[in-house]
Amino acid sequence: MIVTRFAPSPTGYLHIGGLRTALYSFLWARKNSGKFLLRIEDTDLARNSKEAAEAILEAFKWTGLANDGEILYQSERFDLYKTYVKQLLDANKAYKCYMSKEELDVLRESQMANKERPRYDGRYRDFNGTPSEGVEPVIRIKAPTEGQISFKDGVKGEVVFNVKDMLDDFIIARSDGTPTYNFVVTIDDALSGITDVIRGDDHLSNTPKQIVIYQALGWKVPNFYHVPMILNPEGKKLSKRDGAVDVMDYKKEGYLAEALLNFLIRLGWSHGDQEIFSLEEMRTLFDPSNINKSASAYNAEKLLWLNTHYIKTLPSERLIEELKYFDVDISLHVKKDVLIDALRDRAKTLKEFALHVRQILDTPQNYDEKAVEKFLTPQGIEILKGYFEALVSNGAMSETSEFELFTKDFLEKKELKLKDLAQSIRIAMVGSAVSPSIFEVLSIIGYQEVVKRIENLISYLRRDYEQ
RNA sequence: GACCCCAUCGUCUAGUGGUUAGGACACCGCCCUCUCAAGGCGGGAACAGGGGUUCAAAUCCCCUUGGGGUCGCCA
């Protein structure tokens, strides 16, 4: 059985890079009817916070990637980790190191000065004298001192590290007794039965260290897939400076979770020429072995295009639900279907969609001056007045087609084109020269309010001329 | 600096020795049209450079260049 996991550390928000590896892990598990586990890596008590952990979980929930089983919190498992530290100590596969931080710094600096890669020199590896007073030891693992460590990465292929210039006896437990990252990751992955580790390739050089631990404990090394980083549009590492990297920002900006997921799966992975993937298609088609080897730059326009696509195809009920997040509730509006059909193709985000809804539903408080100047010329006003009178004497109507028929009939009698009237109506209805098709807008607004809005505009114009 | 990874249009990518190097986003043009979009049609745009291997190289090998990552008692 395939078991994958996502293991964020709660130092901030859920990053889109993290979401992508989570997506890949999720899909790979689901495709193989395996399990997808979630683990919170909160061993750094000073830097982690409960709020950050909750924020990550909330974002995760929004994306709809459901994890299996209980969420593991590493902060609750310190006693467990200690038993494995002790086991290695007892087996003489790890040892206490009494070197102080200051001494380490000195060593590091001299190595840097010699243009060497800084590494611990192993001075306490076989130490059995009396340690100096007042230094609480760290626990270091006995790593191999020569040869190579290699593994077959599912994305990169065969990766080989030379032990000599790469590995040292790294710390598995700090002087205060708490275990370190590489150690707990390995313990938890092994104990959880993780078979496939899919993570960012910034972890590539942690992998040989983790393999050392697997081997020291006599455990089976899992399959690794190191996926390339996401770069910003300039090709540099994506960071907070580049704006939207927090997954929840996408929700706030009006992106659909399925659009974000679709965007992310295509960043570094592809299936021929296909661009649009439903979650179901992702599940059946995804395979980590065709993840790209190279890093990919973040391209906001493609995401926007995908979001536009998903808004266009989203069931109306879902759209109405999503709009509520942006303080627009049209669930009880009699013309909600006309409204949605009129706007669906013109919004790139839900936020924009909500704005468009308000522009139609709210009575305009002011009018776009340039539009008024351009279209409400003396003749324009005359035509609008004529239309207003005809509208009043005709009496109420409701459907889009009724408004259309009535308007075309009016124009025909006056020997006018729709062009001569449409913009004026538009200004009366929404205050500007931009809106969906006017017949739909009239129908949505409703006869009474339509009459009122035209009247408003006419009296506004009269006031304007009197001054 | 050392080590590791990477390299096809501006961007995301297809391509696994023989293709007019394909698709998508963006851009430009045309059409549709009551505005703005959406949509339809069309266009420009790439194998980083240099050596090999081969009848044949975007595809295999080497070097150079460029980019990225890692070098913590952080994760």
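Naming: A, B, ... by sequence-line order, numbering from 1 per chain.
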Does the distance from a Lys or Arg side-chain N to an Asp or Glu carboxylate O, for A:D189 and A:R39, drop under 4.0 Å? yes

When you check the gap from the basic side-chain N to the acidic O, do A:E158 and A:K152 get nearer than 4.0 Å? no

For B:C9 and B:A26, measure between their C1' atoms and round to the nearest Å. 12 Å

Would you say the side-chain atoms of A:D188 pair up with the backbone N or O of A:F183, donor to acceptor, closer than 3.5 Å? no

Name the residue closer to the 5' end of RNA chain B, choosing between A:A347 and A:P8 according to the nucleotide with the nearest heavy atom. A:A347

Separation between the C1' atoms of B:A58 and B:U19, rounded to whole Å: 11 Å

Minimum side-chain heavy-atom gap A:I381-A:I458 below 4.5 Å: no

What string of B, S and - do you get for nucleotides 5-18 of chain B, 5' to 3', when a contact is any protein heavy atom under 4.0 Å? SSS---BBSS----

Rounded distance in Å between the P positions of B:U33 and B:G44: 28 Å

Taking the P atom in each of B:U11 and B:A48, what is the distance between them to the nearest angstrom? 12 Å

Taking B:C3, B:A37, B:C34 as options, the one with an atom nearest any side-chain atom of A:F439 is B:C34

Ring pair (Phe, Tyr, Trp, His ring centres under 6.0 Å) partners for A:Y447, two or more places apart: none

Tell me whether the count of non-hydrogen atoms from other residues, nucleotides or ligands lying under 6.0 Å of CD in A:E136 goes above 12. no

Decide yes or no, distance alone: a donor-acceptor N/O pair under 3.5 angstrom between the base of B:C73 and the side-chain of A:S175. yes

Of the residues in residues 71-83 of chain A, which ones touch RNA chain B at a heavy-atom distance under 4.0 Å? none

Using residues 164-173 of chain A as the side-chain source, report each donor-acceptor pair under 3.5 Å to any protein atom, sequence neighbours left out, with the distance given to one decimal.
unit_1	atom_1	unit_2	atom_2	d
A:D168	OD2	A:Y120	N	2.9
A:D169	OD1	A:R125	NH1	2.9
A:D169	OD1	A:A143	N	2.9
A:D169	OD2	A:Y95	OH	2.6
A:D169	OD2	A:R125	NH1	2.9

From C-beta outward on A:R346, which listed nucleotide comes closest to its side chain: B:A2, B:C36, B:C34? B:C36

Tell me: CE of A:M112 to C1' of B:A2, nearest whole Å? 10 Å

Rounding to an integer number of Å, can you tell me how far A:L14 CG sits from B:A75 P? 19 Å

When only distance counts, do a donor and an acceptor, one from the side chain of A:R119 and one from the base of B:C71, lie under 3.5 Å apart? no

Please state how far atom CG in A:N307 lies from atom C1' in B:A38, giving the value in whole angstrom units. 15 Å

With a 4.0 Å cut-off on heavy atoms, is A:Y181 in touch with a base, just the backbone sugar-phosphate, or nothing at all? base

Nearest-angstrom distance, C1' atom, B:G49 to B:G66: 10 Å

How about A:Y298 and A:F263: are their ring centroids closer than 6.0 Å? yes

So if I take every side-chain heavy atom of A:R140 and compare against B:C73, B:A75, B:C36, which nucleotide ends up nearest? B:C73

Any A:R108 side-chain nitrogen or oxygen under 4.0 Å from OP1 or OP2 of B:C73: yes

Residue that, paired with A:Y24, satisfies ring-ring contact (aromatic ring centres under 6.0 Å, His included) out of A:Y225, A:W269, A:F286, A:F6: A:F286

Roughly how many Å is it from CG in A:D168 to P in B:A2, rounded to a whole number? 19 Å

Tell me the interatomic distance from A:D169, atom CG, to B:C73, atom P, rounded to whole angstroms. 13 Å

List, one per line, each side-chain donor-acceptor pair under 3.5 Å for residues 366-373 of chain A, sequence neighbours excluded.
unit_1	atom_1	unit_2	atom_2	d
A:D368	OD1	A:K370	N	3.0
A:D368	OD1	A:A371	N	3.3

Quick check: does any side chain N or O of A:R108 sit under 3.5 Å from a backbone N or O of A:E103, one acting as donor and the other as acceptor? no

With heavy atoms under 4.0 Å as the rule, sort A:K312 into base, sugar-phosphate or nothing. sugar-phosphate

How close or far is atom C1' of B:C36 from atom CG of A:L355, stated in whole angstroms? 14 Å

B:U65 and B:A37: how far apart are their P atoms, nearest whole angstrom? 49 Å

Around atom NZ of A:K82, are there more than 12 heavy atoms from other residues, nucleotides or ligands closer than 6.0 Å? yes

Which base, if any, makes a Watson-Crick or G-U wobble pair with B:C34, both distances under 3.5 Å? none

Rounded off to whole Å, could you give me the NE2-to-C1' distance for the A:H309 and B:A26 pair? 18 Å

Base, sugar-phosphate, or nothing for A:T11, non-hydrogen atoms under 4.0 angstrom? nothing

Could you tell me how the ring of A:F410 sits relative to the ring of A:F406: parallel (under 30°), tilted (30 to 60°) or perpendicular (over 60°)? parallel

Using heavy-atom distances to pick each residue's nearest nucleotide on RNA chain B, tell me which of A:W305 and A:E41 is more 5'. A:W305

Can you tell me the base-pairing partner of B:A56? Count Watson-Crick or G-U wobble geometry only, both distances below 3.5 Å, and say none if there is no partner. none

Looking only at atom P, what distance separates B:U8 and B:U59, rounded to whole Å? 12 Å

In whole angstrom, what separates A:D153's CG from B:G69's C1'? 13 Å

When you compare B:C47 with B:C63, how far apart are their P atoms, in angstrom units rounded to a whole number? 23 Å

Do A:E275 and A:L306 have side-chain heavy atoms sitting under 4.5 Å apart? no

As its Watson-Crick or G-U partner within any shown strand, both distances under 3.5 Å, B:G1 has B:C71

Under 4.0 Å from any atom of RNA chain B, heavy atoms only: list the residues of residues 429-438 of chain A that qualify, in numerical order. A:A433, A:V434, A:S435, A:P436, A:S437, A:I438

